[in-house]
Number of protein chains: 2
Amino acid sequence: MLIADARTSYAEIGAKVSLSAPAVKRRVDRLRSSGVIKGFTTVIEPAAVGWTTEAFVELFCTGRTTPAQITVATRRHPEVVGAYTVSGQADALVHLRAADIGHLEQALERLRAEPFVTSTRSMVVLSRLVEVPTPVPAPN
Amino acid sequence: MLIADARTSYAEIGAKVSLSAPAVKRRVDRLRSSGVIKGFTTVIEPAAVGWTTEAFVELFCTGRTTPAQITVATRRHPEVVGAYTVSGQADALVHLRAADIGHLEQALERLRAEPFVTSTRSMVVLSRLVEVPTPVPAPN
DNA sequence: CGTGAAAAGCGGACTTT
DNA sequence: AAAGTCCGCTTTTCACG
């Protein structure tokens with residue numbers, strides 16, 4: 001219920017699971033401190049705040065590039081909203097969000113300038129078909 | 001502030017921006033109805049709920065495959081947490097989350113069985129380096 | 001947009017199971 | 001160890017100016 005709406009009251013959750021509001025709060029607190037719940041966020045429509053362009057970029061890196069290096073490098077670029085080391089030909093996959101194509105090009109140029117990047121392969125997103133904010137665990 | 005913590009009180013936000021709590025609520029309500037704010041969610045650690053494997057899969061499709069077709073097909077698979085039509089060799093990029101490699105293999109098999117899929121190219125995620133839940137608009 | 005007031009929700013302390 | 005109850009305090013949400 002908190003995935004569907006992070007502002008759901010403890011009493012309302014309690015009504016669904018037959019628990020008192022304080023009991024629900026204690027459980028949520030426990031989920032937070034045990035790291036299951038990482039936090040509560042707001043889902044924004046990127047286009048509504050001027051971010052209309054999105055791309056996935058495969059990174060090909062020099063022989064001894066560590067994941068840590070890629071992490072610190074990609075974090076420097078505000079356009080990076082996701083980065084993963086992957087199996088396959090590429091070493092990493094980077095998810096970029098930019099204001100427009102010009103901005104994307106510029107961000108990509110900066111990314112390619114990183115010393116360990118040997119080449120890249122870009123996929124510009126034409127349309128977002130599906131995007132689940134949080135993976136919902138299968139209900140029992 | 002609601003991106004950083006969706007449960008921040010209106011009074012606290014108001015203190016930061018010099019506005020009364022009701023004024024903040026009215027603005028948030030307006031952002032919701034205008035579609036800027038799509039909702040409030042909880043960020044879960046997938047591994048904590050048993051989803052330890054992740055992959056990005058490029059989809060190569062038959063000549064006349066529509067985005068709508070890909071949308072309905074991918075939505076049928078609960079492992080799909082993201083899907084995008086893209087420029088480049090591939091027609092679409094699909095983000096999958098599964099319990100383990102076996103589950104991922106099975107999900108991939110099901111995806112490949114879709115009639116319009118001619119071939120796929122998978123990148124299994126080795127480690128998640130960066131993941132921003134919501135793209136934070138640059139502060140002025 | 002601010003104010004003030006009513007209703008709802010939160011988060012302790014304490015008791016019970 | 002975890003749930004329930006009680007209760008003061010905060011937050012939400014409304015009507016009004």
Side-chain angles (χ1 to χ4, degrees), chain A residues 1-52 78 81 97 99 128 130-140, chain B residues 1-53 78 81 97-100 103 128 130-140:
Chain A
M1 290 178 75
L2 287 172
I3 290 170
D5 179 6
R7 293 183 76 103
T8 311
S9 75
Y10 298 137
E12 196 182 336
I13 298 170
K16 271 263 166 40
V17 297
S18 305
L19 237 54
S20 68
V24 173
K25 186 211 182 298
R26 286 189 285 253
R27 287 183 174 208
V28 172
D29 286 346
R30 247 176 279 152
L31 288 170
R32 293 205 65 171
S33 61
S34 66
V36 175
I37 290 179
K38 295 175 73 179
F40 303 103
T41 358
T42 300
V43 182
I44 301 282
E45 172 53 50
V49 285
W51 297 73
T52 62
V81 294
R97 255 199 254 265
R128 224 177 319 142
V130 180
E131 193 159 78
V132 181
T134 317
V136 184
N140 308 326
Chain B
M1 292 177 73
L2 286 172
I3 290 170
D5 178 7
R7 291 184 79 102
T8 310
S9 76
Y10 297 137
E12 196 182 334
I13 299 169
K16 271 261 165 42
V17 297
S18 304
L19 237 52
S20 68
V24 173
K25 185 205 182 300
R26 284 188 286 256
R27 288 185 176 206
V28 172
D29 286 346
R30 244 176 283 153
L31 288 170
R32 293 206 67 170
S33 60
S34 68
V36 175
I37 290 178
K38 295 175 74 179
F40 304 103
T41 356
T42 300
V43 183
I44 301 282
E45 173 53 51
V49 285
W51 297 73
T52 62
T53 312
V81 294
R97 256 199 254 264
D100 50 49
H103 182 194
R128 218 172 332 136
V130 180
E131 192 160 76
V132 182
T134 317
V136 184
N140 309 327

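Proteins come first, then strands; the chains are lettered A, B, ... in the order of their sequence lines, and each starts at number 1.
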Novice: Just wondering, do B/H103 and B/T52 contact through their side chains at under 4.5 Å, heavy atoms?
Specialist: no
Novice: Heavy-atom distance under 4.5 Å between the side chains of B/V24 and B/K16, does that happen here?
Specialist: no
Novice: Which pairs pass salt bridge (Lys or Arg N to Asp or Glu O under 4.0 Å) with one or both residues in residues 35-51 of chain B, sequence neighbours excluded?
Specialist: A/K38-B/E45, A/E45-B/K38, B/E45-B/R128
Novice: D/dA1 P sits how many Å from A/L19 CG, rounded?
Specialist: 18 Å
Novice: Return the value, rounded to whole Å, for the distance between atom CD of A/E12 and atom C1' of D/dT12.
Specialist: 14 Å
Novice: Nearest whole angstrom, please: distance from the C1' of D/dT12 to the OH of A/Y10.
Specialist: 15 Å
Novice: Can you check whether A/R30 has a side-chain N or O nearer than 4.0 Å to OP1 or OP2 of D/dA3?
Specialist: yes
Novice: Enter the distance from B/L31:CG to A/I44:CD1 here, rounded to the nearest 0.5 Å.
Specialist: 7.5 Å
Novice: Please examine the side chains of B/R27 and B/L19, heavy atoms only from C-beta on, and report whether any two atoms are closer than 4.5 Å.
Specialist: yes
Novice: When you check the phosphate oxygens OP1 and OP2 of C/dC10, does a side-chain N or O of B/R7 lie under 4.0 Å from one of them?
Specialist: yes
Novice: Under 3.5 Å, which protein N or O atoms sit close to an N or O of nucleotides 15-17 of chain D? Give each pair with its distance.
Specialist:
none

Novice: If the cut-off is 4.0 Å, is B/R27 near the phosphate of C/dC1, judged by side-chain N/O to OP1 or OP2?
Specialist: yes
Novice: What is the separation between atom CG on B/D29 and atom P on D/dC14, rounded to the nearest whole Å?
Specialist: 8 Å
Novice: To the nearest angstrom, how far is A/I13 atom CD1 from C/dG11 atom P?
Specialist: 12 Å
Novice: Between A/K25 and C/dG11, is there a contact of a side-chain N or O with OP1 or OP2 at under 4.0 Å?
Specialist: yes
Novice: Do the non-hydrogen side-chain atoms of A/W51 and A/V81 ever get within less than 4.5 Å of each other?
Specialist: no
Novice: Looking at A/S9, does any N or O in its side chain come under 4.0 Å of the phosphate oxygens OP1/OP2 on C/dG9?
Specialist: yes
